[in-house]
Amino acid sequence: MSTVAEMLSGDSAFMSGCGTVARLRPREKPDPYNPDRTNADWSDPERVEIPGFIASGSSTEVTDGARQEVTSTATLTLPDRAADVKVGDRIEPVPADGRLWRVTGFPARDRSPFTKWGPTTECTLEEVLG
């Protein structure tokens, strides 16, 4: 990798070890009680596979008399700054490992104030079990 231009153009090995994730987004269906509105339908979500990787964050466990809940956080890094990911989408690793994450923060597409280089998109993820 010799220049920033090569990194931005994708002609280099920048993030070449990146895996794949599936971005799941609900389809819209008419609201049966109000025909002027639509509701999110997760029964058959739109599925798009994109390059990216999930870096584990932290997990916390809350136990009370009725149930046990574990909340985990992670960061999704995508090499494409224009990746179509937004708050509320669900993210699943490819191949699936049984985990399903929800995008909880606005995707960050930061750029360097000095070079204008902005290599990735990062999203905050959360998974709640229990």
Side-chain angles (χ1 to χ4, degrees):
M1 223 179 302
S2 60
T3 67
V4 171
E6 284 177 347
M7 287 186 270
L8 293 174
S9 71
D11 295 336
S12 70
F14 180 65
M15 287 189 74
S16 62
C18 191
T20 303
V21 297
R23 190 264 296 151
L24 306 171
R25 183 171 292 159
R27 298 181 194 278
E28 296 295 316
K29 70 176 183 178
D31 185 327
Y33 303 105
N34 182 350
D36 296 331
R37 296 189 58 189
T38 60
N39 293 326
D41 180 10
W42 283 103
S43 65
D44 180 30
E46 172 190 7
R47 181 185 174 91
V48 177
E49 291 189 5
I50 53 178
F53 68 92
I54 298 171
S56 297
S58 63
S59 292
T60 56
E61 180 180 21
V62 176
T63 304
D64 63 23
R67 68 179 190 163
Q68 180 178 359
E69 179 180 280
V70 177
T71 301
S72 300
T73 61
T75 300
L76 171 65
T77 302
L78 307 165
D80 182 1
R81 288 185 46 78
D84 182 19
V85 176
K86 60 184 181 180
V87 174
D89 286 345
R90 294 179 183 170
I91 303 294
E92 180 180 60
V94 174
D97 64 359
R99 303 199 70 182
L100 186 61
W101 300 89
R102 186 172 58 91
V103 177
T104 58
F106 290 107
R109 295 175 174 93
D110 298 327
R111 288 190 176 274
S112 165
F114 306 107
T115 64
K116 303 296 185 215
W117 186 50
T120 62
T121 297
E122 288 193 353
C123 306
T124 303
L125 303 178
E126 181 180 68
E127 178 187 50
V128 179
L129 299 174

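Atoms considered below: every heavy atom in the structure, side chains included; atoms not considered: hydrogens, waters and symmetry mates. Just so it is clear, the model here is predicted, and its values are computed rather than measured.
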Between [X] and [Y], what is the shortest heavy-atom contact and its length?
X	Y	value
Arg99	Asp97	N-OD1, 3.0 Å
Leu24	Pro45	CB-CB, 4.3 Å
Asn39	Pro32	ND2-CD, 4.2 Å
Pro51	Pro79	O-CD, 3.4 Å

Pairwise side-chain contact, [X] with [Y], heavy-atom cut-off 4.5 Å (strictly under):
X	Y	value
Arg23	Glu49	no
Thr75	Ile54	no
Leu76	Leu78	yes
Asp41	Pro26	no
Val62	Gln68	no
Leu100	Ile91	no
Thr104	Val87	no

(request) Flag yes if Val85 and Phe106 sit in one hydrophobic cluster, no otherwise; membership is Ile, Leu, Val, Met, Phe, Trp, Tyr, and two members link when side-chain heavy atoms are under 4.5 Å apart. (result) no
(message) Check for me, please, whether Val103 and Leu129 land in the same ILVMFWY cluster - side-chain distances under 4.5 Å, paths through other members count.
(response) no
Quick check for you: to the nearest 0.5 Å, what is the distance between [X] atom [atom1] and [Y] atom [atom2]?
X	Y	atom1	atom2	answer
Arg25	Arg90	CZ	CZ	13.0 Å
Asp80	Thr121	CG	OG1	6.5 Å
Ser56	Glu127	OG	CD	10.0 Å
Glu126	Thr71	CD	OG1	5.5 Å

(message) Check for me whether Arg27 meets the cation-pi criterion with Trp42, that is, NZ or CZ under 6.0 Å from the six-membered ring centre and within 45 degrees of the ring axis.
(response) no
When you measure from the side chain of [X] to the backbone N and O of [Y], does any donor-acceptor pair fall under 3.5 Å?
X	Y	answer
Thr120	Glu122	no
Ser59	Ser72	no
Thr73	Ser58	yes

(message) Tell me whether Arg102 is salt-bridged to Asp89, with the criterion being a basic N under 4.0 Å from an acidic carboxylate O.
(response) no
(request) Identify whether the distance between the nearest side-chain nitrogen and carboxylate oxygen of Glu92 and Arg47 falls below 4.0 Å. (result) yes
